[in-house]
Amino acid sequence: MPHHSRGLKDPKQQSSEQGWLFEVAPPPWEGDAAEEPLAEVVFPSGPEGEWTYLVPARLAGQVEPGRRVLAPMGRGDRLLIGYCVRVEYAVPRGKLKSIRQVLDEVPLVPPKLLALTRWLADRYLCPWAQVLETVVPSAVRQRAGTRLTTLLSVPPDVSARLNDLKLPAAQTRVLRLLAQCPQPLTPRQLAFEAGCTQAPISQLRRKGLIRTEHRRLSRFEPQEVPSPPDAPHALNQYQQAALDLIRQAIQQRRHEVILLHGITGSGKTEVYMHAAAECIRQGRTVLVLVPEIALSTQIIQRFLRRYIGRIAVWHSMLNLTERLYEWERIASGQVDIVIGARSAVFAPLMNLGLVIVDEEQEAAYKQDSFPRYHGRQAAIERARAARCPVVLGSATPSVGSFYNVRRGRATLLTLPARAGHSELPDIRLIDMRRVFKKKNTSTFSPQLLIALKENLERGEQSMVFLNHRGYSQYVQCYRCGESLVCPECSISFKYHKAEDTLKCHICDLRQPMPEACPHCGSKGLMHKGLGTEKVFGQLQRYFKDARIERMDRDTTTRRGEYRRIIKDMEDGAIDILVGTQMIAKGLDFPGVTLVGVVSADSIINLPDFRASERTYQLLTQVAGRAGRGDRPGRVIVQTFTPEHPAIHAACTHDYQKYYDFELEMRKAGRFPPYTRIVNCIISHEDQQQARDLAHLLERLFVAEIEAMNSDRYKGIMGPSEAPFYKLHGKYRWFTGIRGVSLNEILAVVDNAWKKLTPAEQRCVAIDVFPANML
Ligand SMILES: [Zn+2]
Ligand SMILES: [Zn+2]
């Protein structure tokens with residue numbers, strides 16, 4: 001019988017800290033013969049919940065948490081693959097079926113990770129078995145890229161009497177050669193080395209003079225290590241103070257959430273690296289999370305060059321063979337540091353001593369498909385179970401993390417000065433309303449153009465930032481006013497000039513640019529809204545001799561192109577780099593002394609309560625690219641809303657004031673961090689059905705809230721059409737709930753969800769702590 005279903009049950013059982021969940025209870029000593037080993041199993045493609053099975057005597061010792069088993073299910077006893085999650089001695093209640101077979105030689109998931117997946121399942125309302133299925137890479141389940149290899153060696157007792165053996169000459173030669181080999185050889189290698197056929201080798205094996213073993217070997221050839229090696233840098237007083245506190249927590253094996261707020265260029269990475277080195281010295285391992293591999297090349301390269309050979313990079317671009325190779329290297333203790341994106345939080349590191357989450361505010365840490373977990377939250381939970389500190393690093397901490405510091409749930413460490421001699425750049429706001437009043441409708445204000453020109457004359461590098469790629473943001477007919485929209489997504493097509501194509505940035509649908517308006521036949525189609533492609537072209541016309549490059553997702557699709565641009569920037573072979581978010585974050589080019597922001601307003605008007613926070617963070621990040629070397633930097637920000645607090649605060653480097661303002665707004669609007677949100681995304685090909693389901697959920701929520709009989713605040717959000725109303729051909733609705741108690745709103749959603757039919761459930765995605773509401 002299932003006695004666990006998805007969601008919240010006995011809170012004591014959810015504790016992963018004690019680890020008792022996964023320990024096998026001792027065998028009974030009081031002669032209570034009725035107690036037997038029982039296994040709890042969850043099935044990824046079977047009914048939800050935990051199911052209890054008998055462990056037959058022939059499988060005793062093989063059935064253990066983290067290994068997969070084959071077990072009968074249902075009336076027909078169909079055999080299903082499941083994960084054993086617990087083994088304990090107990091008196092079986094009722095008639096239980098037996099496990100038939102154990103599929104893995106070793107647990108695929110170590111106990112602490114198993115506990116983490118259970119936490120994730122409860123927290124994000126996902127079936128546990130399916131979480132396991134996504135956490136354990138399919139490469140590991142299939143043992144991808146390995147082959148069973150036969151290895152030959154000479155047993156010690158045979159080598160001892162090598163001279164006494166009477167053998168034909170060929171066999172003697174083979175045996176002597178193999179005995180001298182430091183490692184076992186395959187039959188082919190041995191025949192090659194000895195210059196013989198397989199015949200004498202087979203004879204020796206038959207006589208028992210050669211030992212044969214079978215091992216799984218990886219076909220993977222590790223890549224060369226990057227060079228040159230990176231040496232530790234000296235720390236300034238602020239970095240040193242931060243390191244001391246982190247080191248203390250590591251030494252005392254104390255779980256602590258540490259928010260490392262370091263202004264751009266303050267040397268957070270160096271603090272991470274010193275802390276990691278300390279942790280490794282104590283014989284423990286380090287987990288480093290970065291928001292996106294593509295945007296974190298520089299920090300990853302630095303780690304790779306400093307911890308040569310003892311580090312693994314974990315990311316979604318690994319192929320199956322590489323993935324299994326790295327997984328086994330990590331699981332077998334050959335790796336001290338794992339660095340990677342979100343999913344690296346599940347790397348099978350043992351003896352974890354430190355967790356680092358770089359750029360903790362990034363939305364990329366939230367997975368936007370099943371299971372919709374937050375990498376930062378999972379990292380904190382993992383550190384808690386390992387009793388070690390977790391360092392959340394950022395120049396622009398999330399409002400939530402800042403709030404946790406205020407409430408005493410996290411410790412704040414500040415790096416208020418830039419490392420080395422550099423200073424924060426001067427930021428100048430340009431009010432584009434004034435520029436437009438002078439009948440100047442150019443993309444660039446005179447101030448930005450002059451600054452770019454000056455920089456070129458001085459031979460210094462500049463960056464120009466814009467949040468949109470492509471040529472134009474939408475194409476509009478000036479006669480009828482209609483714009484060209486993706487039929488699948490109800491979102492404006494973006495025009496890409498190089499290919500003369502309309503592209504949907506959501507579903508990637510492409511269409512040729514029409515000659516005339518499809519609605520009225522007019523030839524007057526206008527390009528509205530700027531993209532990097534257009535800005536790039538304009539800059540080329542302004543500065544004919546300058547070396548200008550563009551960096552966005554369109555120009556970096558070819559492998560190696562991103563690295564090439566970074567290298568050219570580092571070598572000073574680029575004068576002006578135009579780009580999207582890709583150039584805004586994490587990059588460190590000491591030669592850049594000017595950053596131009598074409599429009600600071602691009603995200604501020606999005607219908608999302610975090611739009612202001614994102615604007616502040618992005619502006620601060622972009623501005624932080626300027627003046628990281630010896631020469632001072634300046635930043636020119638063009639905007640139509642210079643009075644907006646987020647824009648203003650970013651330009652005055654006044655983060656304290658900004659967070660105070662933002663927290664006030666959130667409190668007044670009952671938004672996180674003062675409440676928690678669980679959103680349900682309803683999507684359906686049929687408009688009416690999507691709408692009906694959204695309203696059904698609302699009614700279910702209301703009923704559950706009434707039944708709960710608690711007076712803690714809970715409010716229903718929606719049902720409403722999603723801002724992106726149609727995506728990939730499906731209509732989307734939101735019905736959400738927010739409240740002060742996470743457990744209460746999770747219970748409401750979970751109970752409501754269970755009242756839906758399976759067909760309805762398939763149309764609803766539950767998003768706990770949504771990172772965006774678009
Ligand atoms: Zn028209
Ligand atoms: Zn589309």
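In listed order, ligands and their atoms are each counted from 1.
Remark: Glu662 pairs with Val399, Ser612, Tyr658, Arg666 by the side-chain contact (heavy atoms from CB on, under 4.5 Å) rule, at least two apart or across chains. For Ala129, the side-chain contact (heavy atoms from CB on, under 4.5 Å) test picks out Val42, Pro44, with sequence neighbours left out.
The Zn ion (ligand 1) has Cys477 SG, Cys480 SG, Cys517 SG, Cys520 SG as its protein N, O or S neighbours under 2.8 Å. Around the Zn ion (ligand 2), the protein contributes the following N, O or S atoms at distances under 2.8 Å: Cys486 SG, Cys489 SG, Cys504 SG, Cys507 SG.
Side-chain atoms of Gln638 come within 3.5 Å of backbone atoms of Val598 as a donor-acceptor pair (strictly under, hydrogens ignored). Judged by distance alone, the side chain of Glu685 and the main-chain N or O of Lys730 form no donor-acceptor pair under 3.5 Å. Panel note: side chain Arg342, backbone Ala364; a donor-acceptor pair is recorded below 3.5 Å.
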After noting the C-alpha distance and the side-chain angles of Val485 and Tyr474, does the key distance pass the side-chain contact (heavy atoms from CB on, under 4.5 Å) rule? CA-CA 8 Å; Val485 165; Tyr474 58 104; over 6 Å; no
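The shortest heavy-atom contact between Lys497 and Glu533 is N-OE1, 2.9 Å.
Residues Glu360 and Ser398 have side chains that bring a donor and an acceptor to within less than 3.5 angstrom of each other.
Aromatic ring orientation, Tyr124 versus Tyr373: perpendicular (interplanar angle above 60°, classes split at 30° and 60°).
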